[in-house]
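Below is one structure, written out as structure tokens, with a few remarks after it.
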2 protein chains.
Amino acid sequence: MNAQTIPPTPAALLRAAGIKVTQPRLRVLGALRAATRPMSHAELEALLGDVDRVTLYRILDTLADHGLATKATDVRGVFRFSATDMPRPHDDHVHFRCSRCGGVFCLKAAPPPPPRLPRGFRLEEADFDLRGVCAKCSGRTS
Amino acid sequence: MNAQTIPPTPAALLRAAGIKVTQPRLRVLGALRAATRPMSHAELEALLGDVDRVTLYRILDTLADHGLATKATDVRGVFRFSATDMPRPHDDHVHFRCSRCGGVFCLKAAPPPPPRLPRGFRLEEADFDLRGVCAKCSGRTS
DNA sequence: GAGCAAATGCAACAAAGTTGCATTTGCGTG
DNA sequence: CACGCAAATGCAACTTTGTTGCATTTGCTC
């Protein structure tokens, strides 16, 4: 029980989680831990090259099920995964989505304090999602 | 300039917007104005029966472009349309999405006041979107 | 009523996921 | 070390949500 400053290898993490150590899983977990922001399935697929689409979906779900990754949906409703215990810079956020051009703007405003949740609910992430018309689009009346 | 208490017919609205009055448009706008909540493409398609999928998408976009409908994305990222100037009961909202079972819970808490927007931005809707684990899912450790 | 642009309908495609099934692989056991 | 079995992978196919191209039909103006 000595303090570990060396980050655990993907293989050690998989073993510790009690799931088989396979080549695809090592690559996915490695990529996830190397990433600086939550990654979508499409991004990981492009990054890893030749992993099977379905296998990648399943590996990501498995990692999330065993606590090695966090699964969250982004503003567009697309799943994004990040390695657990990795620092996540863009976590809580205020977004503005332009309903005309579809652009997403990240506002610098701090997200408001979350309301009290019903008993048993555990908060993990919060997005304050605003929609309207951005400066550029509100210029042209269309 | 006399006060109109009679709601305008879909046909009158289409004409006023300067777009052609067609059968599919009348049906879509009618359904939208009869609906009590923002409708997804799939819901409208089921409701209307035999409108072409693509035509329905295009009609909805046309109505939105001409101010007769409002296009917004729901929590899942799916477009929802509502007739403009119709009362929309579920507009501003606090949602909690369970990252494990995917369930959406509508919290009774009032949405927080929106932050100040950059110049030129016009706010139309706001969602305070929380994610985490719901009471039922946090029961079973899995 | 004729002509033309606009709108519709159809086929096809794209992105994001899911499901079923056959094959391969990890790994505990002898 | 090799054997066997469950677990993981890879492939094909299908779903949902949305978009694009093109031929045909329809609304509206003259």
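Per chain, numbering begins at 1; letters A, B, ... match sequence-line order. Being a predicted model, the structure only gives us computed values, none of them experimental.
- Note: CG (Asp65(B)) to C1' (dA7(C)) measures 14 Å, nearest angstrom.
- Residues satisfying the side-chain contact (heavy atoms from CB on, under 4.5 Å) test with Ala64(B), not counting sequence neighbours, are Lys71(B).
- Nearest nucleotide to the side chain of Thr55(B), out of dT9(D), dT8(C), dT17(D): dT8(C).
- Here the P atom of nucleotide dG17(C) and the CZ atom of Phe79(A) are 6 Å apart, to the nearest Å.
- Whole-Å rounding puts the Arg27(B) CZ to dT26(D) P distance at 14 Å.
- Residues satisfying the side-chain contact (heavy atoms from CB on, under 4.5 Å) test with Leu26(B), not counting sequence neighbours, are Pro10(B), Ala11(B), Leu14(B), Val21(B), Gln23(B).
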(request) Would you mind building the protein contact string for nucleotides 19-30 of chain C? One character per nucleotide, 5' to 3', B for base within reach (heavy atoms under 4.0 Å), S for sugar-phosphate only, - for untouched. (result) BB-----BS---

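- Spacing between atom CG of Leu29(A) and atom P of dA8(D) amounts to 15 Å, rounded to whole angstrom units.
- In this structure, the CG atom of Asp61(A) is 13 Å from the C1' atom of dA16(C), given to the nearest Å.
- Listed by first and then second residue, the salt bridge (charged side-chain N to carboxylate O under 4.0 Å, His left out) pairs that reach into residues 13-27 of chain A are Arg27(A)-Asp50(A), sequence neighbours excluded.
- Separating the CG atom of Leu56(B) from the C1' atom of dT19(D) is a distance of 14 Å, rounded to the nearest angstrom.
- A sub-4.0 Å separation between OP1 or OP2 of dA7(C) and a side-chain N or O of Arg25(B) is present.
- Rounded to an integer number of Å, the gap from Leu44(B) CG to dT16(D) P is 16 Å.
- Note that CG of Leu60(B) and CG of Leu44(B) are 6.0 Å apart. Values are rounded to the nearest 0.5 Å.
- The shortest non-hydrogen separation linking Thr84(A) to Gly67(A) is OG1-O, 2.8 Å.
- In the interface, the side chain of Arg53(B) is paired with the base of dG18(D) through a donor and an acceptor atom under 3.5 Å apart.
- Glu43(B) pairs by the side-chain hydrogen bond (donor to acceptor under 3.5 Å, both in side chains) definition with Arg37(B), Arg80(B), not counting sequence neighbours.
- Separating the CD1 atom of Ile59(A) from the P atom of dT18(C) is a distance of 15 Å, rounded to the nearest angstrom.
- Arg58(A) pairs by the side-chain contact (heavy atoms from CB on, under 4.5 Å) definition with Val54(A), not counting sequence neighbours.
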